[in-house]
Number of protein chains: 2
Amino acid sequence: MFSKACEYGIKATIFIAVKSLHDQRVSLKEIAEEIDSPVAFTAKILQLLAKSGIVDSHKGPTGGFQMDRTGIDNVKVYDIVCAIDGDKIFNGCGLGLKHCDAEHPCPVHDKFIAIRDNLTTMLQKTSMFELATGLDIGLTQLKR
Amino acid sequence: MFSKACEYGIKATIFIAVKSLHDQRVSLKEIAEEIDSPVAFTAKILQLLAKSGIVDSHKGPTGGFQMDRTGIDNVKVYDIVCAIDGDKIFNGCGLGLKHCDAEHPCPVHDKFIAIRDNLTTMLQKTSMFELATGLDIGLTQLKR
DNA sequence: ATATAAAAAGACCTTTTTATCCTTAAATAA
DNA sequence: TTATTTAAGGATAAAAAGGTCTTTTTATAT
Ligand code: FES
Ligand code: FES
């Protein structure tokens with residue numbers, strides 16, 4: 001469904017959101033431990049998320065990653081997927097035709113876009129705040 | 001969503017079904033032309049589909065690929081995806097946790113399985129017959 | 001029997017994805 | 001100011017996916 005990079009990106013952002021809600025910055029190392037991901041690879045993904053404005057980064061001692069309250073409310077899973085994997089999953093053809101087009105549909109078009117649109121809507125509606133609170137109260141987990 | 005191999009495999013099988021409904025066997029070359037795929041790569045995928053019992057293959061002059069009427073009715077898109085990509089998409093965690101488990105859910109579990117189960121059901125219900133007839137009457141297409 | 005046509009099989013190559021390592025830049029605290 | 005800490009950046013490597021090529025096997029028609 002999503003690339004490894006995207007899975008790590010989503011998990012990292014949720015964790016940063018949790019910590020930010022407690023007014024704590026979090027380091028790359030801590031993130032990689034918490035989401036069980038390769039440190040250097042996670043660094044690349046966080047760089048991209050920082051460039052995309054999804055998270056804030058700060059160098060130096062006491063540095064790390066954080067989100068402000070506006071970001072925690074406004075960033076949706078959809079934004080992270082777009083930033084890392086692009087929007088092909090949201091508007092591409094299920095059978096790989098160059099253009100998904102209702103006028104020239106592939107055999108699975110009608111059935112596929114119904115699912116695809118549900119996925120898109122779900123990801124567009126799901127905010128970091130919602131996912132972070134579920135994790136914070138121990139309802140969900142990022143490892144295993 | 002699906003791998004390239006899987007996209008080619010689904011399109012190839014639909015085309016074989018259309019031809020089989022007209023009692024025609026179809027060669028690798030013809031399939032690759034019709035679905036706009038690399039010939040040698042398509043050969044590998046068809047080998048796998050033949051081994052999986054999804055299509056029948058015959059060597060020699062007048063050889064090629066075909067499906068019997070039972071197969072056309074019974075083979076579902078789901079079966080092709082399982083044969084080529086495996087079942088990870090149908091029961092794996094959306095965030096890549098080792099086990100998708102409602103008792104130990106990841107942050108997106110509830111929302112994700114709703115979509116994932118819809119996809120699974122849709123693919124389990126959609127037969128080659130249904131897709132082949134839509135293609136045969138010109139309602140859908142496999143290229144462009 | 002033999003030439004031919006088609007898929008099967010296996011070795012190989014290329015590109016993309018995933019992952020690591022090392023150096024540089026920036027910020028802080030002493 | 002200087003040592004330290006942390007992210008940024010770039011080069012490289014390993015693994016997986018995507019794709020090609022050549023040889024072998026099997027079936028058919030002449
Ligand atoms: S054309 Fe294939 S999903 Fe729309
Ligand atoms: S645990 Fe992640 S989708 Fe079920």
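All chains are named by letter (A, B, ...) in the order of the sequence lines, taking the proteins before the strands, and each is independently numbered beginning at 1.
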Trainee: From CG of B:L46 over to P of C:dA8, roughly how many Å is that when rounded to an integer?
Mentor: 8 Å
Trainee: For DNA chain C, find the residues of residues 80-98 of chain B with a heavy-atom distance under 4.0 Å and give them by number; none if there aren't any.
Mentor: none
Trainee: Expressed as a whole number of angstroms, how long is the span from B:L28:CG to C:dA6:C1'?
Mentor: 9 Å
Trainee: Looking only at atom types and distance, does a side-chain atom of B:R116 sit under 3.5 Å from a main-chain N or O of B:G94, one as donor and one as acceptor?
Mentor: no
Trainee: Is the phosphate of C:dT18, meaning OP1 or OP2, less than 4.0 Å from a side-chain N or O of A:Y8?
Mentor: no
Trainee: Is the CZ atom of B:R144 crowded by more than 12 outside heavy atoms at less than 6.0 Å?
Mentor: no
Trainee: Would you mind checking if B:K111 and A:E130 are paired as a salt bridge, meaning a charged N to carboxylate O distance below 4.0 Å?
Mentor: yes
Trainee: Would A:H109 and A:D101 count as having a side-chain donor-acceptor pair, cut-off 3.5 Å?
Mentor: no
Trainee: Could you tell me whether a side-chain N or O of B:D85 sits under 3.5 Å from a main-chain N or O of B:S3, the two making a donor and an acceptor?
Mentor: yes
Trainee: Does a nitrogen or oxygen in the side chain of A:S57 sit under 4.0 Å from OP1 or OP2 of D:dA8?
Mentor: yes
Trainee: Over 60° means perpendicular and under 30° means parallel, so tell me whether B:F41 and B:Y8 are parallel, tilted or perpendicular.
Mentor: perpendicular
Trainee: Between B:S27 and A:F2, which residue's closest nucleotide on DNA chain C lies nearer the 5′ terminus?
Mentor: B:S27
Trainee: Measuring to OP1 and OP2 of D:dA7, would you say a side-chain N or O of A:Q47 lies under 4.0 angstrom away?
Mentor: no
Trainee: Does a side-chain heavy-atom distance below 4.5 Å link A:M1 with B:F112?
Mentor: yes
Trainee: Could you check how far CG of A:L49 sits from P of D:dA7, rounded to whole Å?
Mentor: 14 Å
Trainee: Short question: side chain of A:S20, backbone of A:D23 - any donor-acceptor pair under 3.5 Å?
Mentor: no
Trainee: Check the distance between D:dA17's P and B:E7's CD and give it to me in whole angstrom.
Mentor: 14 Å
Trainee: Please give, in whole Å, the distance from D:dT6 P to A:K29 NZ?
Mentor: 8 Å
Trainee: Output the rounded distance in Å from CE (B:M1) to C1' (D:dA17).
Mentor: 18 Å
Trainee: Does B:I14 reach the side chain of B:I10, with side-chain heavy atoms less than 4.5 Å apart?
Mentor: yes
Trainee: Counting primed atoms plus P, OP1 and OP2 as sugar-phosphate and everything else as base, spell out the protein contacts along nucleotides 20-30 of chain D at 4.0 Å heavy-atom distance: B, S or - for each nucleotide, 5' to 3'.
Mentor: BB---BBBB--
Trainee: Check the distance between D:dG19's C1' and B:D36's CG and give it to me in whole angstrom.
Mentor: 14 Å
Trainee: Tell me the interatomic distance from B:I45, atom CD1, to C:dA9, atom P, rounded to whole angstroms.
Mentor: 15 Å
